[in-house]
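Here the structure is a predicted model, which is why all the values come from computation and not from measurement. This chain uses plain numbering: 1 for the first residue, then up along the sequence.
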Amino acid sequence: MKLKRFLLRYYPPGIILEYEKGGALKTKSIDLLDLSPETDTEELISAIRKSEPLITASRVDQVKLLIVRLQEKLGQQDNRRFCLFKALQAHILPLTNVAFNKSGSSFITGSYDRTCKIWDTASGEELHTLEGHRNVVYAIAFNNPYGDKIATGSFDKTCRLWSVETGKCFHTFRGHTAEIVCLAFNPQSTLVATGSMDTTAKLWDIQTGEEVSTLTGHSAEIISLSFNTVGDQLVTGSFDHTVSLWDVPSGRRVHTLIGHRGEISSVQFNWDCSLIITGSMDKSCRICFNAQGSRVLTASADKTARLWDVQSGVCLQVLEGHTDEIFSSAFNYEGDTIITGNMYPLSGLGSIPFQFSIKLALRKM
């Protein structure tokens, strides 16, 4: 094995090793979930070297620098507020979902117009339009932290894999018998998981385009899913009011979480995978963690998005400005930008087509 380079993962803290083995480029992670600003770096490096042969004496200084950068990031305070930065007219038909790449420099939108669009965050310029689906593009995601691929899931029962740089479609995944309404990449960017109205979730191999496994057990539509940080577990939320936890390698269901009195609308692991947060139509809402795991963002039919503190459960800020239900929201990786989307037409007078809006909010320094 030959180490090629390090990739730094701020949340959850860790170092990704990119290495060559047998002519193939592979990755593995050194998870530092217990890292804090007070951690003794020398002791930690010594422990890492004992368990990871790729970290040789010549690499110690690099690893130490990366650990110090992680400690500095963990020590940053998170007490700033958000303000409206930009409102964009995105599609001529309703939006379905929004998502950032890791750096927050780009984001994507899905729409009832059967397309997914890639946007530049700073300028609001449209970079690419991904066309090919024959029905609504409902589920979208970047393969973060790499950010070079996009997956789209559609009401045409297929999932497509695209190049961010060129807009080319690599694969079309076929196998579901009903609409695809949620999807996610695993952290290694080797698998895509899709959830469908056919009550199943499927795992797909990104390189070959082949189906890896089908997860069965829910009795109603799977509406949300999420991988854990390691990628060996997947959580799914369903209209059957339950949440299921799956073992990815075996495809076996490990736990069923029961408690909501309505359909599940959102599920997600927190940054260290010690918690799962769920949103439901029993007067809960659509939710997401920031990468740091310190804040939760909720989007609601009351036309607002709300920012919550995870430890105290206190609402820190109400983000207003939309004039209709907010159906999708997301943090960027740094947690300093929020994107929200609604389905209210901004204009529709005379010859001006209806436009459906997205809003960007930035943290005040």
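Taking the side chain as every heavy atom from C-beta outward, Trp246 and Asp232 never approach each other to under 4.5 Å. Leu70 places a side-chain heavy atom less than 4.5 Å from the side chain of Tyr10. At a threshold of 4.5 Å between non-hydrogen side-chain atoms, the residues Ile118 and Phe107 do not count as touching. Val63 is listed as a side-chain neighbour of Phe6, based on a closest heavy-atom distance under 4.5 Å. Val192 places a side-chain heavy atom less than 4.5 Å from the side chain of Ile206. Residues Lys26 and Met1 form no side-chain contact, since every pair of their non-hydrogen atoms from C-beta on lies 4.5 Å or further apart. Considering only heavy atoms from C-beta on, Phe100 comes within 4.5 Å of Ile339 through its side chain. You'll find the side chain of Ile48 reaches within 4.5 Å of the side chain of Ile30, heavy atoms only.
Side-chain contact of Thr214 with Lys202: a donor-acceptor pair under 3.5 Å is present, judged by distance alone. Using a 3.5 Å distance cut-off with no hydrogens or angles, the side chains of Trp119 and Ser106 do not pair a donor with an acceptor. Inspection of the Asp205 and Gln207 side chains reveals no N or O donor paired with an N or O acceptor under 3.5 Å. Between the side chains of Asn143 and Asp148, at least one donor-acceptor pair of N or O atoms lies under 3.5 Å. For the residue pair His322 / Thr304, no side-chain donor-acceptor distance below 3.5 Å is found, with atom types taken as modelled.
In the hydrophobic clustering of this structure, Leu127 groups with Val137; members are Ile, Leu, Val, Met, Phe, Trp, Tyr whose side-chain heavy atoms approach within less than 4.5 Å, directly or through other members.
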Open item on the list: Quick one, Asn101 with Asn144, criterion side chain to side chain contact (heavy atoms under 4.5 Å, CB included). Give me CA distance, side-chain angles, the key distance, then yes/no.
Closed with: CA-CA 6 Å; Asn101 67 349; Asn144 293 331; 4.0 Å; yes
Task: Worked verdict on Val136 versus Leu93 for side chain to side chain contact (heavy atoms under 4.5 Å, CB included) - done: CA-CA 10 Å; Val136 175; Leu93 289 178; over 6 Å; no
- [ ] Given side chain to side chain donor-acceptor pair (under 3.5 Å), test Asp309 with Gln311 step by step and report yes or no.
- [x] CA-CA 6 Å; Asp309 180 80; Gln311 294 298 321; over 6 Å; no
TODO: Take Leu17 and Ile15 through the test side chain to side chain contact (heavy atoms under 4.5 Å, CB included) and record every step on the way to the result.
DONE: CA-CA 6 Å; Leu17 308 180; Ile15 300 171; 4.1 Å; yes
Open item on the list: Using side chain to side chain contact (heavy atoms under 4.5 Å, CB included), reason through Ile258 and Thr256 one step at a time and then give a plain yes or no.
Closed with: CA-CA 6 Å; Ile258 300 172; Thr256 300; 4.0 Å; yes
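For Lys157, the side-chain hydrogen bond (donor to acceptor under 3.5 Å, both in side chains) criterion is met by no residue, not counting sequence neighbours. Applying the side-chain hydrogen bond (donor to acceptor under 3.5 Å, both in side chains) criterion to Ser244, with sequence neighbours excluded, gives His218, Arg253.
Relative to the ring axis of Phe142, Lys102 does not place its NZ or CZ within 45° and under 6.0 Å from the centre. Geometric assessment of Lys4 against the ring of Tyr19 yields a negative cation-pi assignment under the 6.0 Å and 45° thresholds.
Salt bridge annotation for Lys64-Glu42: present, with a cationic side-chain nitrogen under 4.0 angstrom from a carboxylate oxygen. The residues Asp31 and Arg9 are annotated as salt-bridged, a charged nitrogen and a carboxylate oxygen being separated by less than 4.0 angstrom.
The side chain to side chain donor-acceptor pair (under 3.5 Å) test with Ser196 singles out one residue from Thr194, Asp198, Thr199, and that residue is Asp198. Test Glu131, Glu126, His128 against Lys117 for side-chain contact (heavy atoms from CB on, under 4.5 Å) and you get one pass: Glu126.
Less than 6.0 angstrom separates the ring centroid of Tyr138 from the ring centroid of Phe155.
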